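Bear in mind that the values here come from a model prediction, so they are computed numbers and not experimental data. We name chains A, B, ... by the order of the sequence lines, and we start the count at 1 in each one.
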Amino acid sequence: MLDGCGEKAIRQRCFYRRADGKLPLKQGCSRVSCLDMAKDKGLTPQAQDFSEWYLEAIQRADMVDYGPVRGTMVIKPYGFALWENIQRELDRMFKETGHQNAYFPLFIPVSFFQKEAEHVEGFAPELAIVTHAGGQDLEEPFAVRPTSETVIGHMWANWIKSYRDLPQLLNQWGNVVRWELRPRPFLRTTEFLWQEGHTAHATQEEAEEETHRMMGVYATLFREFAAIPGWEGKKTESEKFAGAVYTISYEAMMRDGKSLQSCTSHYLGQNFAKAFEIKFQDKDLEAKHVHTTSWGFSTRSVGAVVMAHGDDKGLIMPPRLAPIQIVVVPIYKQDTREQVVPAAESLTARLKSAGLRVHLDDRDQHSPGFKFNEWELKGVPYRIELGPRDVEAGTAVLASRLGGKETVGLDGLSSLIPARIESFHRALYQRALEFRDAHTFVVDDYQAFQAKVEEGFVKAFHCGEKECEKQIKEETKATTRCVPFDEPEASGKCIRCGKPNGYGRRILFARAY
RNA sequence: CGGGGAGUGGCGCAGCCCGGUAGCGCACCUGCUUUGGGAGCAGGGUGUCGCAGGUUCGAAUCCUGUCUCCCCGACCA
């Protein structure tokens with residue numbers, strides 16, 4: 001029999017499928033589909049298997065590879081470039097809101113985690129603990145940080161004496177480790193990169209204001225840069241951060257209708273202040289505990305960008321964050337090469353000096369068609385095709401990743417592209433918003449709830465009891481995502497148990513990553 | 001940790017039942033012809049067959065042990 005893509009290959013992301021999208025037969029496929037490869041090098045369609053699509057898309061776009069230890073990943077240059085662009089914008093906004101960067105140690109004494117009851121309970125199962133170092137067992141084992149509230153609290157206890165030392169507005173860029181049982185690249189990895197902000201304030205009001213302000217920064221990043229609409233709202237008791245008084249999150253919808261908790265901001269009250277004795281003397285001469293906050297945004301957001309915008313051709317990069325905003329593909333035969341390539345080079349140089357992130361794909365070993373597909377897979381917003389006919393006419397073909405080609409004059413390109421990038425951003429956001437709204441349902445009976453939660457987000461009333469929430473999760477796989485801030489006040493009966501609603505409005509449910 | 005599957009060139013697989021010294025496709029390298037939507041031909045390199053024992057004249061293949069990975073469930077940015 002023929003060999004090639006057996007059944008296992010289908011499951012384990014052999015990239016070659018039949019052109020009709022059907023799974024090849026176990027044996028017949030084999031070579032048949034392999035012969036089809038030349039014709040069909042596409043991704044698994046999203047509608048067929050979204051999670052398979054995701055894994056193929058990020059690997060073939062060359063963003064990521066698996067690390068040797070389970071649950072770890074290598075972020076390759078193309079993926080890291082996206083993260084760097086996210087970092088740059090966030091870091092700028094953190095500084096604009098008065099924060100300073102600092103760095104706290106990776107290793108934290110295990111005993112620190114035991115000082116805050118909820119915190120220890122929440123994080124104990126996923127702590128990686130070092131018990132052996134320097135050739136011998138350690139007297140006191142230390143944890144690899146899963147988050148830094150405890151070390152920072154410990155340091156603050158020394159640093160903060162007076163109300164004059166407040167507020168503390170700190171941010172740290174770094175890595176954390178959480179021993180995850182079911183990892184997926186970007187979405188859930190054992191080690192991940194993030195930013196964690198930590199602030200300490202004299203009053204509750206000020207700390208709560210900070211909690212919301214920073215969620216606002218995150219929302220700006222998502223809406224204005226990543227073009228991802230979402231819902232901001234408060235987490236229910238069972239979904240909040242371990243050790244927080246309350247948690248607010250940004251819930252974004254992926255193209256399979258599932259929710260991705262894309263970042264969180266916590267009001268920690270005086271929980272950590274009491275556990276770590278962070279006290280200050282106030283103006284009224286009283287000794288008081290500070291109020292703290294923390295807020296985090298991780299490389300998970302890279303997964304959000306992929307899953308919120310991508311289509312069957314691959315990624316679609318939001319242009320304000322795209323590592324490459326425009327790719328120039330010269331098209332030539334041997335005898336026209338000398339004519340086309342220099343023109344493409346000078347066009348690239350002009351676009352670069354207009355402040356755009358441009359790449360000239362002058363590889364000789366690939367055909368233009370191959371390059372078109374590859375850059376579409378990588379999600380580059382705009383492509384400029386430049387061939388001999390164009391050079392002669394002083395034009396170029398401008399192709400958008402959202403569809404459509406047009407012939408444009410070479411002279412005006414440097415001023416045309418920035419405007420196009422802005423309209424691309426708006427169109428991408430609009431597209432995501434329409435998708436989100438088309439997949440969000442207001443529901444009042446449990447049967448409809450069960451049906452709709454398979455298609456997207458559901459807004460419904462809930463009693464607010466943990467046990468009831470748990471039942472819903474078991475029965476539908478859906479969890480409470482948040483109590484959205486912009487949801488109008490209303491009253492009604494709990495979708496499942498019929499008791500009076502506990503939040504004064506409908507809350508958001510969805511299956512989540 | 002419970003249930004299922006798999007470890008063979010970079011990737012995906014065949015070979016194993018019935019032991020005889022490893023093969024296919026893709027990728028990669030070289031050359032020529034190509035290049036406006038995934039190019040063609042010719043030549044070439046690539047393996048401690050997951051690891052450790054055992055059986056045997058001989059093990060990818062049979063036996064024992066062990067490790068790892070993937071999928072499904074309970075935790076999470």
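Heavy atoms from other residues, nucleotides or ligands lying under 6.0 Å from CD of A:Glu475 number more than 12.
B:G73 and B:C1 make up a base pair, with Watson-Crick or G-U wobble contacts both under 3.5 Å. Summarising the base pairing, B:U68 is matched to B:A6 through a Watson-Crick or G-U wobble pair whose two defining distances lie under 3.5 Å. Remark: B:G36 base-pairs with no nucleotide in the shown strands. Criterion, Watson-Crick or G-U wobble with two distances under 3.5 Å. Pairing partner, B:C18: none, since no Watson-Crick or wobble contact has both distances short of 3.5 Å. Base pairing annotation: B:A42 forms a Watson-Crick or G-U wobble pair with B:U30, both donor-acceptor distances under 3.5 Å. Across all strands shown, the partner of B:C24 is B:G12, judged by Watson-Crick or G-U wobble contacts whose two distances both fall under 3.5 Å.
Taking atom P on both nucleotides, B:G40 is separated from B:A6 by 35 Å, rounded to a whole Å. The same atom, P, is picked in B:G50 and in B:C17; the two are 15 Å apart, to the nearest Å. For the P atom pair drawn from B:U8 and B:U61, the interatomic distance equals 14 Å after rounding to whole Å. B:U55 and B:G45 are spaced 37 Å apart, taking the C1' atom of each and rounding to whole Å.
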* side chain to side chain contact (heavy atoms under 4.5 Å, CB included) assessment of A:Val380 paired with A:Met317 -> CA-CA 6 Å; A:Val380 174; A:Met317 287 282 184; over 6 Å; no
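Between A:Ser367 and the phosphate of B:A39, there is a side-chain N or O to OP1/OP2 separation shorter than 4.0 Å. Look at A:Gln334 and you won't find any side-chain N or O under 4.0 angstrom from OP1 or OP2 of B:U35.
Heavy atoms of A:Arg363 sit nowhere under 4.0 angstrom from any nucleic acid atom. Residue-level contact check: A:Gly387 touches the bases, meaning some heavy atom is under 4.0 Å from a base atom. Here A:Arg337 lies out of heavy-atom contact (under 4.0 Å) with every strand.
If you check B:G36, B:U35, B:G37 against the side chain of A:Glu376, the one that comes closest is B:G37. The side chain of A:Val397 lies closest to B:G36 when the candidates are B:G37, B:U35, B:G36.
Shown here are the salt bridge (charged side-chain N to carboxylate O under 4.0 Å, His left out) partners of A:Glu237, two or more places apart in sequence or in another chain: A:Lys240.
Using a 4.5 Å heavy-atom cutoff, the side chains of A:Phe509 and A:Thr476 are not in contact. For the pair A:Trp194/A:Val176, a side-chain contact is recorded, criterion being any heavy-atom separation below 4.5 Å from C-beta on.
Per the geometry, CD belonging to A:Glu338 stands 15 Å off C1' belonging to B:U35, to the nearest Å. Taking atom NZ on A:Lys371 and atom C1' on B:A39, their separation rounds to 13 Å, with Å as the unit. In this structure, the NE2 atom of A:His366 is 9 Å from the P atom of B:A39, given to the nearest Å. Taking atom CZ of A:Phe50 as the reference point, atom P of B:C71 lies 16 Å away to the nearest angstrom. Between the C1' atom of B:C71 and the CG atom of A:Leu55 lies a distance of 12 Å, rounded to the nearest Å.
In terms of polar N and O atoms assigned as donor or acceptor, the side chain of A:Lys405 comes within less than 3.5 Å of the base of B:G37 in a complementary pairing.
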* Structure fact -> B/S/- along nucleotides 72-77 of chain B (protein heavy atoms under 4.0 Å) is SSBBBB
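For the side-chain hydrogen bond (donor to acceptor under 3.5 Å, both in side chains) test with A:Gln261, the passing option among A:Lys235, A:Arg300, A:Glu239 is A:Lys235; the others fail.
Note that CZ of A:Arg60 is 11.0 Å distant from CG of A:Leu315, once rounded to the nearest 0.5 Å.
Ion pairing between a basic and an acidic side chain is recognised when a charged N comes within 4.0 Å of a carboxylate O; A:Glu376 and A:Arg383 show such pairing.
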